[in-house]
Number of protein chains: 4
Amino acid sequence: MLPTQTFFNLPQGKQKRVMDAALAEFAAKPFHNASVASIVEAADIPRGSFYQYFEDLEDLYLHLFEIIGKKKRLYMQEVVSEKKGAMNQIRSLYSAGLQFARDHPKLASLGIRFFREDRSFRRRLIAGFEESSMQFLQDMLISGQEAGEIDPAVDAETAAFVLHSLNVDVVDHYLEGPHSAEELIHESSEYLSLVNSVLYIIEQGLIHDDECGGGQLRNQEAGG
Amino acid sequence: MLPTQTFFNLPQGKQKRVMDAALAEFAAKPFHNASVASIVEAADIPRGSFYQYFEDLEDLYLHLFEIIGKKKRLYMQEVVSEKKGAMNQIRSLYSAGLQFARDHPKLASLGIRFFREDRSFRRRLIAGFEESSMQFLQDMLISGQEAGEIDPAVDAETAAFVLHSLNVDVVDHYLEGPHSAEELIHESSEYLSLVNSVLYIIEQGLIHDDECGGGQLRNQEAGG
Amino acid sequence: MLPTQTFFNLPQGKQKRVMDAALAEFAAKPFHNASVASIVEAADIPRGSFYQYFEDLEDLYLHLFEIIGKKKRLYMQEVVSEKKGAMNQIRSLYSAGLQFARDHPKLASLGIRFFREDRSFRRRLIAGFEESSMQFLQDMLISGQEAGEIDPAVDAETAAFVLHSLNVDVVDHYLEGPHSAEELIHESSEYLSLVNSVLYIIEQGLIHDDECGGGQLRNQEAGG
Amino acid sequence: MLPTQTFFNLPQGKQKRVMDAALAEFAAKPFHNASVASIVEAADIPRGSFYQYFEDLEDLYLHLFEIIGKKKRLYMQEVVSEKKGAMNQIRSLYSAGLQFARDHPKLASLGIRFFREDRSFRRRLIAGFEESSMQFLQDMLISGQEAGEIDPAVDAETAAFVLHSLNVDVVDHYLEGPHSAEELIHESSEYLSLVNSVLYIIEQGLIHDDECGGGQLRNQEAGG
DNA sequence: CATGAATGAGAGTTCATTCAT
DNA sequence: GATGAATGAACTCTCATTCAT
């Protein structure tokens, strides 16, 4: 379940051609519609070579996924390292995710597509990847609760689910929008404002707190 | 872009067989992996007949989608008709969506899959469907703001986006879970509790309001 | 594990073309070297049609095997029906097998090839076929022992094994020989004489029994 | 049609690795299904090297066959050297063949496979090998006839054919059976008893000779 | 001479769609 | 209108062999 040594022995230029072709393919189609044929044509390598480099499409997909993961982690690292409140960290995560999508739209597109695949497929392919991502958010939220920043009445697991869902959808929304070169400036503010609006809701909720009614109370109402 | 008259002239039983087969297929696979072959086999109709009833798979998909829409609207209607607060309506919408998924898991699965397809595909296929769904939420939210229930600082469009995203993901989460017959009772409460937890966050936000600081203020902080 | 109805609905001529092509292929190569490509070319049908007629090569092979079995059983039937001694029945079986090979060399060739495949393959493909063939011989031998014709000291199972082995090898030997049209007459006597010689050994053994009836005599009996 | 000098210059260890890999391959599959790929992988040599050592698969096969021949001849030599009756020699040949199969199952398997290939292929590959094996049996039988041990009415060529066929089938039967480590002891007697039963038939024939020496007795002699 | 990447033909199989009956 | 056979392009994957380093 790794590219063969043959592949890693290839000159960098050729490796890159192959990975670029794969990226273009997986960014453009759901996994099950991606084809070896498209990739070998785009990479301009013989059909047979593909199978000397990779066991099959999954093999290549996985490799690409790891590369993306590494790149993305670079964006996340500084966010995590900074010591600030949970909500600020979350906001930074969202921003970093969007920044990543702007810098590497194809990489981000592939990542989004991954979360759109059937769960069974995701499970088989990258067991625990998604879980670990949500676990990370959950830990962050629990810390926030311990620090008194996050409402202790909130279920941390659910909140992680919510944050993860929205993060994926926000990036998806960004990627699916039209991106002519000129729009990049507008986008910049527009999408950051989307992040801000979403996070405002996540922070404050939709309810208009006239007189500071306790969340706990209303939650119990709601639970009925 | 509609089934032919020939199809509607078919005896009800045969029509149903076809639609059931199509439903099973589209509920099980993303649209681009669905195959005419599977459907004609499951429906036990001649291969050639398919093309006398429908122009192509999209044609059938669309028809099915409309039927589902109608069924789903029945679940939503009473929710909408009741006059109660915006948040209660939203909660009811979530519950109704879940109820629909429990009663018609395949129909719901197809619906979820739809939202997982490429936006370009969604656009081409059912222009405006998703938008109208979000517009409906948005109107509800604006009413809530006018009634003083919903925080006026919230951007209604964004909030509709958030609610829609989470609704899809909650139902998806429900559908992807394992459903042995015995679990149905447990599920019932478990998933409603997921809805409640999610909506609690949406209502109250994550922030711990010690002294009732205004959302507006913090939002501006956050936006920096 | 049967040809599809589609195949049986085909006009006889086309069915025959396909079966003839398959026969030629399976008679010429061991199963695992047979190719769909050769067959569709020889039968002059589109590649795709093959898979509308058969699940795969095994499916076709099996069908062909059954047809051969039926044809061969016609040759064997009269042998079995006649009431005569065990040795005479065995001799008749050998002759009938040879006669079958002469009349239908390709069918026989396929049959022989079958016994040359790996046992594991044979088992999976036609469970019990070979066994039943040997069981038949064994029963015949036991009857012969009860009738006092066959030496009771002989192990019937082993003898069935010996008879089966030799029968296959004799037919194989016949099929592998060159068969120009002119040789058919010579063959006739030559191969019958091979059968006779083999059966003489099987009957009398190799040992020279000095004191008791001469082998020469019995051999001439047998040759009749 | 011989391995290149390059091959013979190889260090013994590497030569052995190649030959072992080839043996494993040819013992497991009929010749036409053996693949260069499997062998170079198992031997852990570069793909290109194969073609520097051998012209093609046949070249390697042939070389291996000769090695096997030499090993097998060691088993046969003592049998032949001993001066005893023809039947005893034959019995010894069968036992030696079985012994060889027990000691070197893969070598024997390859040998058996050889006899299962098309005669045309056998002819082309190892012209005269099989013939010489049968000629050897035939000479032995003729000597037996001259010594008065073997029935002079028996056709020596046919008898050689019979003995050869059965020898191959007996060893094949042995090799195809299951061989757990514990069974080796049981096997020992079981398979020797198969040899004895087969040879009893070959010696005495199937016919029940009322007035002359009982088969039972001779069978027990043979079992010794 | 060792090495291992390059190559493309050819294998089985699936499929949407057309078309003759 | 119903039927189901025809069709061939497209897919993944394997392989023996060559060739440049």
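Below, chain A is the first sequence line, B the second, and so on; all start at residue 1.
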Donor-acceptor check, side chain of C/Glu117 to backbone of C/Phe31, threshold 3.5 angstrom: yes or no?
yes

Would you confirm whether B/Glu25, through its side chain, and B/Ser35, through its main-chain N or O, come within 3.5 Å as a donor-acceptor pair?
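Between the backbone of B/Ser35 and the side chain of B/Glu25 there is a qualifying donor-acceptor contact (under 3.5 Å).
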
Who does F/dT21 pair with, Watson-Crick or G-U, both distances under 3.5 Å?
E/dA2

Watson-Crick or G-U counterpart of F/dA16, or none if no pair lies under 3.5 Å:
E/dT7

Is it the case that the base of E/dA16 and the side chain of B/Arg47 share a donor-acceptor contact (distance under 3.5 Å, atom types as modelled)?
yes

May I ask you to check whether A/His63 and A/Phe8 place their ring centers less than 6.0 Å from one another?
yes

Inspect the contact between C/Arg113 and D/Asp118 and indicate whether a charged nitrogen and a carboxylate oxygen are less than 4.0 angstrom apart.
yes

Touch check for [X], heavy atoms < 4.0 angstrom, all strands: base, sugar-phosphate only, or nothing?
X: A/Asn9; value: sugar-phosphate
X: C/Thr6; value: sugar-phosphate
X: A/Ser49; value: base
X: A/Tyr53; value: sugar-phosphate

Classify the ring geometry of B/Phe7 against B/Tyr53: parallel below 30°, tilted from 30° to 60°, perpendicular beyond 60°.
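Aromatic pair B/Phe7/B/Tyr53 classed tilted.
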
Measure up the B/Tyr61 and B/Phe114 rings against each other and bin them: parallel (under 30°), tilted (30 to 60°), perpendicular (over 60°).
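Answer is tilted, since the angle falls between 30° and 60°.
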
[N] [atom2] sits how many Å from [X] [atom1], rounded?
X: D/Ile45; N: E/dT3; atom1: CD1; atom2: P; result: 9 Å
X: B/Asn33; N: F/dA10; atom1: CG; atom2: P; result: 18 Å
X: A/Glu41; N: E/dT7; atom1: CD; atom2: P; result: 15 Å
X: D/Glu25; N: F/dC15; atom1: CD; atom2: P; result: 9 Å
X: B/Tyr61; N: E/dA16; atom1: OH; atom2: P; result: 16 Å
X: B/Asp44; N: F/dA2; atom1: CG; atom2: C1'; result: 13 Å
X: B/Phe50; N: F/dA5; atom1: CZ; atom2: P; result: 19 Å
X: B/Glu58; N: E/dA16; atom1: CD; atom2: C1'; result: 14 Å

With a cut-off of less than 4.0 Å, is there a side-chain N or O of D/Gln52 near OP1 or OP2 of E/dA2?
yes

Do the side-chain N or O atoms of A/Tyr51 get closer than 4.0 angstrom to the phosphate oxygens (OP1, OP2) of F/dT14?
no

Heavy-atom nearest nucleotide on DNA chain E taken for D/Pro46 and for C/Ser38; more 5' hit belongs to D/Pro46

Residue met sooner reading DNA chain E from 5', once B/Leu57 and A/Leu10 are mapped to nucleotides:
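Closest to the 5' end, via its nearest nucleotide, is A/Leu10.
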
Whichever of A/Asp56 and D/Ala34 has its nearest DNA chain F nucleotide further upstream toward 5'
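Between the two, 5'-proximity favours A/Asp56.
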
When you get a sec, tell me which of E/dA6, E/dA11, F/dA16 is the closest nucleotide to the side chain of C/Ala37?
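Of the candidates, E/dA11 comes closest.
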
